[in-house]
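Since this is a predicted model, take the numbers as computed values, not measurements. Sequence lines set the chain letters: A, B, ... in the order given, protein chains first and strands last, and positions in each chain run from 1.
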There are 2 protein chains.
Amino acid sequence: MRPPQGWEEIRAEVLRRIDRRDWRPGATIPTEEQLAAEFGCARATVSRALRELAGAGVLERRRKAGTRVATHPVRKATLDIPVIRLEVEGRGQAYGFRLIDRATAVPPPAVAARLGLAPGQRLDRFRTLHLADGRPTALEDRWLNLAVLPEPPPADVSLNEWLVKTVAYTYGDISFSAEAATPDEALLLETPAGAALFITERTTWAGEAPITSVRLAHAPGYRLRTVV
Amino acid sequence: MRPPQGWEEIRAEVLRRIDRRDWRPGATIPTEEQLAAEFGCARATVSRALRELAGAGVLERRRKAGTRVATHPVRKATLDIPVIRLEVEGRGQAYGFRLIDRATAVPPPAVAARLGLAPGQRLDRFRTLHLADGRPTALEDRWLNLAVLPEPPPADVSLNEWLVKTVAYTYGDISFSAEAATPDEALLLETPAGAALFITERTTWAGEAPITSVRLAHAPGYRLRTVV
DNA sequence: TTTGATAATATGTCTGCACATAATAACCCC
DNA sequence: GGGGTTATTATGTGCAGACATATTATCAAA
C-alpha cells in the first residue's frame, strides 16, 4: 500500500481514517511528527493537511494537547457568493436589470446602525430589479455613501459593476434570513404577497469608511448551496 | 514605518493596499519574491498570506500569470454551522427538544434522490422540535439510514448528539432556502401559517454510504451570519 | 499566417531545520 | 493534600533552498 504523498493525499487519508472509524469523534490522533514518520514526509506537510481539516471543522487542534476529531460539528462551510449577473449567466440565462428608483434620504435605523452612521445622515438609495431571461430574479435595495467614493459613479453602466471595479472590497458582514414579501416586493418580483423570500444582506467598508449596505430579496425558488 | 512581520501582518498590509487603491481591482500585484524582498521575509511567508487572501476570494492567482486583485467579487464566505443545542446555549437560553414522531417509511423522491437511494427503499424518519427557553426554535425532519450504522442508536439520549459522536462526519451538501410554513409546521413552531421560514438542508455520507438527510425549519427571526 | 516546439517565469509544494507559544504534566514546598 | 512554580510537549510560525507545474511568451518551421 503506497503511502499518501502530498498534503492533499494526506488530507484524504486522514478523512478516510475518520470515515472508517479508525479515529473516532473526540479521539486524539497521532502527533504531526508520528504521522510524518509514518507517511515518510516532513512534518510541515502533515501540518498543512491537518490545518486544512481544522479549518473545515473536521479536526480540533490545540498546542500541547494535540489534534482530535471534532465532536460537535461546528462545520465551517465555505460559500461562494457571486454577483447576480454571474449567477444568472451561470445558469445559462440572459441577464438584465432595471433601475426602479433612486433617491437621497435618511436610511432606516437598522441600515444606519449597520453602517455606523450618525443619526440623520443622508445616503443615496438605489433600488434595482435583476432579471433572468426577462423575469425578475432578485430585488436589490442599496444604500450608498456617495461622499466617501473616490469619484462619482457614471450614469450609463450598472452601478454594481462599476462599484466592484472601483472601490475596494472587504466585506464586513453578510447575513441570510427569510422574510415574507411586502406588497411592494411581491409586485416587483411578480410573486404572491407574503411569499417566502430568501434575503441576503451585505455591508461593505473600505478601511474605516462605510461604503454601502445592500439587501437582496431573491425570488422564490432561490437556493444557496455549499459543496464540501 | 516598520515592515509587517508574520504572515498575518502581511495579509493585513496587502488588504490595506487594496483598500487604499494602491492596487486596484484587476491589477497585477508584485510577485511573491518582490514582496518578500520588500518585507524582508521569506517567500513562503508571503505565499502563505497571499494564499489565504486567494482563499477568501480577494486575490486571484495563476502560475506564471501572477497574482491580481479579484474583479468579480465571488466572495468565499466562511459559515459556522453549529448544532442547534450550542446555538441556543450560545444565546444564553436553555435548550430542550421534543421528539414529535418517528416512523419507517419511503422518503419523498427529493430526499431519496439526494441520498442516492434505490426507489422504494425505506428509511427511518424522526421529527424533532428544538426548544429555546421552552419556545420552539427549529423543526427538524430527519431521514436516517439505520442499516448502515455500526450500532443501533440508544433510545434515551438525543439522536443528534449520539450521531455526531458515533458516525463520521463528511458533509456532502448543505443548502439554504426560504419556504412558507405549512399548516403543520406553523402549528409546531407556534407561528402563523404561511410565515417565511429559513430552511437548512444537509445530507451526510460516511464514505460511500448515505447516512442521513436533515431538513431544519427555523422559526421566524432566524438569521445566519458570517464574519469576515 | 498559422502552428508547433521551446524557453522563461510565477506560483505550488516539499524538505529540514529552528525557535516561539500555549497548554498540560510534574514537581516541590508548605 | 493544596497551591504555585517549572519542565515538557505538540502545535504554530518562520527561513532558505530545491524542484514541480502550469501558463505565457518567443521564435522557428510549414
In whole angstrom, what separates Arg63(B)'s CZ from dT13(C)'s C1'?
-> 8 Å
The nucleotide from dA10(D), dT24(D), dT11(C) with an atom nearest the side chain of Lys64(B) is dT24(D)
Between Arg225(B) and Asp173(A), is there a salt bridge with N-O shorter than 4.0 Å?
-> no
At under 4.0 Å, does any side-chain N or O of Arg48(B) touch on OP1 or OP2 of dT13(D)?
-> yes
Without hydrogens or angle criteria, can the side chains of Thr67(B) and Arg61(B) be said to hold a donor-acceptor pair below 3.5 Å?
-> yes
How long is the line joining CZ of Phe39(B) and C1' of dC15(D), in whole Å?
-> 17 Å
How long is the line joining CD of Glu33(B) and P of dA18(D), in whole Å?
-> 13 Å
Figure out the CZ/P separation between Arg51(A) and dG14(D), and round it to whole Å.
-> 10 Å
dT11(C) OP1/OP2 closer than 4.0 Å to side-chain N/O of Thr67(B) = yes
How close or far is atom P of dA10(D) from atom CG of Leu59(A), stated in whole angstroms?
-> 17 Å
Return the nearest nucleotide to the side chain of Ala65(B); candidates are dA10(D), dT24(D), dT11(C).
-> dT24(D)
Taken to the nearest whole Å, CD/Glu60(A) to C1'/dA22(C) is 16 Å
Look at atom CD of Glu38(B) and say whether more than 12 heavy atoms of other residues, nucleotides or ligands are closer to it than 6.0 Å.
-> yes
Residue-phosphate contact under 4.0 Å: Arg61(A) side-chain N/O, dG12(D) OP1/OP2 | yes
Separation of Glu52(B) atom CD from dT11(C) atom P, in whole Å?
-> 16 Å
Of the listed dT13(C), dC15(D), dT15(C), the closest approach to the Cys41(A) side chain comes from dT15(C)
Closest nucleotide among dA10(C), dT15(C), dA23(C) to the Arg62(A) side chain = dA23(C)
Given dC15(D), is OP1 or OP2 found less than 4.0 Å from the side-chain N or O atoms of Thr45(B)?
-> yes
Phosphate OP1/OP2 of dT9(D): any Thr31(A) side-chain N/O under 4.0 Å = no
Donor-acceptor pair under 3.5 Å, Arg43(B) side chain vs dT13(C) base | yes
With no hydrogens and no angle check, do the side chains of Arg142(B) and Thr128(B) hold a donor and an acceptor under 3.5 Å apart?
-> no
Interatomic distance, Glu32(B) CD vs dT13(C) C1' [rounded to whole Å] = 11 Å
Look at the rings of Phe176(B) and Phe176(A) and say which category their plane angle falls in: under 30° parallel, 30 to 60° tilted, over 60° perpendicular.
-> parallel
